[in-house]
Asker: 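Could you have a look at this structure, given as C-alpha cells, before my questions?
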2 protein chains.
Amino acid sequence: MSNINEIAKLAGVSRATVSRVINSKGYVKEETRQKVQKVVDDLDYTPNQNAIYLKNGETKTIGLVSPDFSDILSHFLSSFATIAKKYGYQVTLLLTDYHQESEIEAFQKLKQKQIDGIFQIVRSNEWEVIEKYSKYGPIVTWQRVTSPKIESVFMDHYEGFKLGLDHLYEKGHREIVPFFGIEKSLNTVARYKAWQDFCQEKGVALQAEKSRYNLHTSTEGRELARWWEAEKEKPTALLFPTDNVAVGFLAEARERGISVPKDVAVVGFDNSSIAELFNLTTIDYPMHLQAENAFFKLYNQLKHKNLPLHPLSFKLITRGTT
Amino acid sequence: MSNINEIAKLAGVSRATVSRVINSKGYVKEETRQKVQKVVDDLDYTPNQNAIYLKNGETKTIGLVSPDFSDILSHFLSSFATIAKKYGYQVTLLLTDYHQESEIEAFQKLKQKQIDGIFQIVRSNEWEVIEKYSKYGPIVTWQRVTSPKIESVFMDHYEGFKLGLDHLYEKGHREIVPFFGIEKSLNTVARYKAWQDFCQEKGVALQAEKSRYNLHTSTEGRELARWWEAEKEKPTALLFPTDNVAVGFLAEARERGISVPKDVAVVGFDNSSIAELFNLTTIDYPMHLQAENAFFKLYNQLKHKNLPLHPLSFKLITRGTT
DNA sequence: TTGTATGCGTTATCAG
DNA sequence: CTGATAACGCATACAA
C-alpha cells in the first residue's frame, strides 16, 4: 500500500523527515510537520510494523504461554497486559493445548524474534528443554523453578491455606473441611499438604471423605450449601478454594436461613472484589502484584533496568463470616 | 544473533545459496547443501521472521478476534487453527475484553501488516467501523451480517432449535421445557423465538417460568435433574442448550433412578463427541465445518482461489433419549 | 531544521 | 548449480 516513500514524495520532503513526524522524534519545523501530517492523514497511512520490528530488532511484545484458557490465565492476563501496556509492551497469548510441540513453537517465536520475552503459566516440556531458549530472551514463570536462567514469581499456597486453617482453629473450630480447585495442580497439592500438616499438628481428624475437588463456580458453591444442610455431622467451618465458590455458598445459605458464622464459618481465597461485597473472610492472594512482578522481571532483563519488585505474601483478611 | 550472512561466510557460499538450502527451493548441489546445513545446525540458526514478513509482504497469520474466552471460542479455535495449519497459516488470538478500542487495535494489525486476515467471533464496534478495515485484508465473521465487504459463516439457530422441538412434539410430548445458554446472545434470542413460534403454532402453553438461562456446565445439568425430580408438574421433555449440560442431567438422572426417555425425554445440542457416548438425541451443529468454511473464505480471498465450502445445516440426530 | 546514506535480514531475479 | 544485486519499509548517524 502506501509507504513512507510515497508520503515523502507527496509532502515534498525526505523519508527521514516523515519518520520524524510520525514518531514525534527530533526537530521538525511546525509548518513542515503539518504538511507531512496532512499527507499522512489523507492517505490514511500506517507504518509497516514488520519493517519497524526488523529495523529495531525488537517487537515490544511479550508472549504469554499457557496450556489452556484457565480462570487464572484470564485474571493474570488482564493485570499483566495492563502493566505491560504502561511500559509500551503488548502481550500476545500463546496457547499450547498441553502439547509439547506447541509449546516449543511458542518458544521458537523468541528465537525468531517475533516476541521479546516470555511469561509462562504452566510448562509442558521439561525445564531443561525450556532453559535452552533463555539465551534468545528472558523467560519468567509462574511456577516454582530453581534455574539460574529462568526467573519465577511463584507463591507457595501452603502458606496461604495455613493462614486460613489457623484462623479457624483460633476461632475455636475443630471440624474444619477445606475444598479444592483443580485436582492435580501444584497449588492444590500444596494446599492439601497444609491441611494434612495442620491436622497432624493440632491433633484433629482429617476427614478426607468430606472434602471435594475441582470446584470453581459459584453454582458449585450453592450446591455445597445444600450438601452441608443435608449432612448429618455438619462441619463447623469451611475453607473454600476461591471467593467465587465461597460466595455461592453464602448466597444459598442466606436463602436457606443458614446463619454464617453462627451455624458455620466460611473462609474464601483470593480477596477478590466480590469478597468485600459479601463481607467474606478470605486470604489475600496478590495475583495482581504477582503479574506486575512478572512483567518487571522481564522488563528489567530486557532493558537492563532495576525496577523494584513488590513484596509478595498471603494475608488473612478477617471479615464477618468467621 | 547469527544471521544468514554469517552462515554464508562460514559455509563459504553466498547468502542466496543459504536461502535455497533453508527453504529447499531451487537447485543446490547435494554436497554444498550438506555443507550449509551443517553450519546451520552448528550455529543453531533460525531465520528472522520479521525480515521474512517484510520481504514477503505477508505473515501467513490470521487474527481471531473475540471479546473473551468463551466456550464457543475454545471449540472454534481448535478447529480453525487445525485447518489453517494445513494450509500453512498460523492463528493468533486477539482478545478485546468487550472494549471497542481494543477491537480497533486488533484491526489495526491488519493495516500494519501484522496479520493477513481476520476472523471475528463477535463484534463490539459498529459494522460501518469494521468495514473500513476490509481494504487491508479479508474479514470473515461468525455473526449475521449483510455487507458486501465482510463475509459470514452465520448459522441461524432458530432452525436448529425448531428441529428439536418438532421432534419432541412428534414423539407425543406436550410439556416441553427448553433451557438456554448465554442470555443476551443472538443465538439464544433466535432459539427463544423458535420456542415462542413453536408454542403458538402447536397451541401449547409456553411456560417461561420453568425455563432457565446461562447454563453451560454438566454440573448445572446435574442440578437440573434434581430440580426436575423435585418439581410437582414435571415436564415430559427437556431441550438443552448444549450436549454438555444434557449429559450432566443424564448422569444425575441415572444415579437417581430417573428413566430416560420413559420418565422424561432429553435432547441436546451440538452433537459433540460426548453425545454419542451417552446415546443422546441431539441437534448436529457443524461448528467444525463452520470453522473450516471461515478459513476457506479467508484463504480464497487471500490467494484468489476458489476452495469449495461445506454446505451447512442443522440435523436432528435421533438416539436413545427420546 | 532537513536531507543523504546505510543497514536491519531476508528472498527473488537475473546472469553466469 | 551458484553468486551478485536489488528490493521489502523503516529509523538513524551524520552531514549540511
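Nothing here was measured: the structure is a model prediction, and the numbers come from that model. A, B, ... follow the sequence lines: proteins, then strands. Residue 1 opens every chain.
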Asker: Is there a side-chain polar atom (N or O) of Lys25(B) under 4.0 Å from OP1 or OP2 of dA12(C)?
Answerer: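 Yes.
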Asker: Would you say Thr32(B) places a side-chain N or O within less than 4.0 Å of OP1 or OP2 belonging to dC1(D)?
Answerer: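 For Thr32(B), the contact criterion (side-chain N or O under 4.0 Å from OP1 or OP2 of dC1(D)) is not met.
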Asker: Is it true that Lys35(B) and Glu30(B) make a salt bridge, defined as a side-chain N closer than 4.0 Å to a carboxylate O?
Answerer: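 Here Lys35(B) does not pair with Glu30(B) in a salt bridge, since their nearest N and O are not under 4.0 Å apart.
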Asker: For Tyr53(A), check ring pair (Phe, Tyr, Trp, His ring centres under 6.0 Å) against everything at least two apart and list the hits.
Answerer: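 Applying ring pair (Phe, Tyr, Trp, His ring centres under 6.0 Å) to Tyr53(A) gives none.
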Asker: So if I take residues 38-56 of chain A and measure heavy-atom distances to DNA chain C, which residues fall below 4.0 Å?
Answerer: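 Nucleic-acid contacts, sorted: Leu54(A), Lys55(A).
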Asker: What is the separation between atom CD1 on Ile22(B) and atom P on dT11(C), rounded to the nearest whole Å?
Answerer: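 Rounded to the whole Å, the gap is 6 Å.
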Asker: Expressed in angstrom and rounded to an integer, what is the separation of Gln114(B) atom CD from dC10(D) atom P?
Answerer: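 After rounding, the reported distance stands at 13 Å.
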Asker: So, using ring pair (Phe, Tyr, Trp, His ring centres under 6.0 Å) as the criterion, who are the partners of His75(B) when residues are at least two apart?
Answerer: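 Residues passing ring pair (Phe, Tyr, Trp, His ring centres under 6.0 Å) with His75(B): none at all.
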Asker: For Lys111(A) and dG9(C), what is the distance between atoms NZ and P respectively, to the nearest whole Å?
Answerer: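 Taking atom P of dG9(C) as the reference, NZ of Lys111(A) is at 16 Å.
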Asker: Without decimals, in angstroms, what is the distance between Lys29(A) NZ and dG3(C) P?
Answerer: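 Atom-to-atom, Lys29(A) to dG3(C), this comes out as 10 Å.
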Asker: Hey, is the side chain of Asn23(B) poking within less than 4.0 Å of OP1 or OP2 on dT11(C), counting only N and O atoms?
Answerer: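 For dT11(C), OP1 or OP2 has a side-chain N or O of Asn23(B) closer than 4.0 Å.
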Asker: Please state how far atom CD in Glu31(B) lies from atom C1' in dT2(D), giving the value in whole angstrom units.
Answerer: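 The distance from CD of Glu31(B) to C1' of dT2(D) comes to 13 Å, rounded to the nearest Å.
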Asker: Polar atom pairs between nucleotides 3-5 of chain D and protein, under 3.5 Å, N or O only, would you list them?
Answerer:
| from | atom 1 | to | atom 2 | distance (Å) |
| --- | --- | --- | --- | --- |
| dG3(D) | OP2 | Ser14(B) | N | 3.1 |
| dG3(D) | OP2 | Ser14(B) | OG | 3.4 |
| dG3(D) | OP2 | Thr17(B) | OG1 | 2.7 |
| dG3(D) | N7 | Arg20(B) | NH2 | 3.3 |
| dG3(D) | O6 | Arg20(B) | NH2 | 2.5 |

Asker: Quickly work out the Asn5(A) CG to dA7(D) P distance and round it to whole Å.
Answerer: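 Interatomic distance, CG of Asn5(A) to P of dA7(D): 12 Å.
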Asker: Rounded off to whole Å, could you give me the CG-to-P distance for the Asn3(A) and dG9(D) pair?
Answerer: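 Atom CG in Asn3(A) sits about 5 Å away from atom P in dG9(D).
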Asker: Check this for me: does any side-chain nitrogen of one of Glu105(A) and Lys85(B) sit under 4.0 Å from a carboxylate oxygen of the other?
Answerer: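 The answer is yes: the pair qualifies as a salt bridge.
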Asker: Any salt bridge between Lys132(B) and Asp44(A), counting N to O under 4.0 Å?
Answerer: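 No, this pair does not count.
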Asker: Over 60° means perpendicular and under 30° means parallel, so tell me whether Phe296(A) and His310(A) are parallel, tilted or perpendicular.
Answerer: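 The arrangement is tilted - the two ring planes meet at 30° to 60°.
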Asker: Could I get the full list of side chain to side chain contact (heavy atoms under 4.5 Å, CB included) partners for Ile52(A), not counting sequence neighbours?
Answerer: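 Side chain to side chain contact (heavy atoms under 4.5 Å, CB included) list for Ile52(A), sorted by chain: Pro47(A), Gln49(A), Asn56(A).
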Asker: Using whole Å, report how far OH of Tyr27(A) lies from C1' of dA11(D).
Answerer: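 So the two atoms are 18 Å apart, to the nearest Å.
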Asker: For Phe69(A), what residues pass the ring pair (Phe, Tyr, Trp, His ring centres under 6.0 Å) criterion, not counting sequence neighbours?
Answerer: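 For Phe69(A) the ring pair (Phe, Tyr, Trp, His ring centres under 6.0 Å) partners, ignoring immediate neighbours, are Phe69(B).
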Asker: Just so I know, are the side chains of Trp142(A) and Phe154(A) near enough to count as touching, which here means a heavy-atom distance under 4.5 Å?
Answerer: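 In short, these two side chains do not touch, never coming nearer than 4.5 Å.
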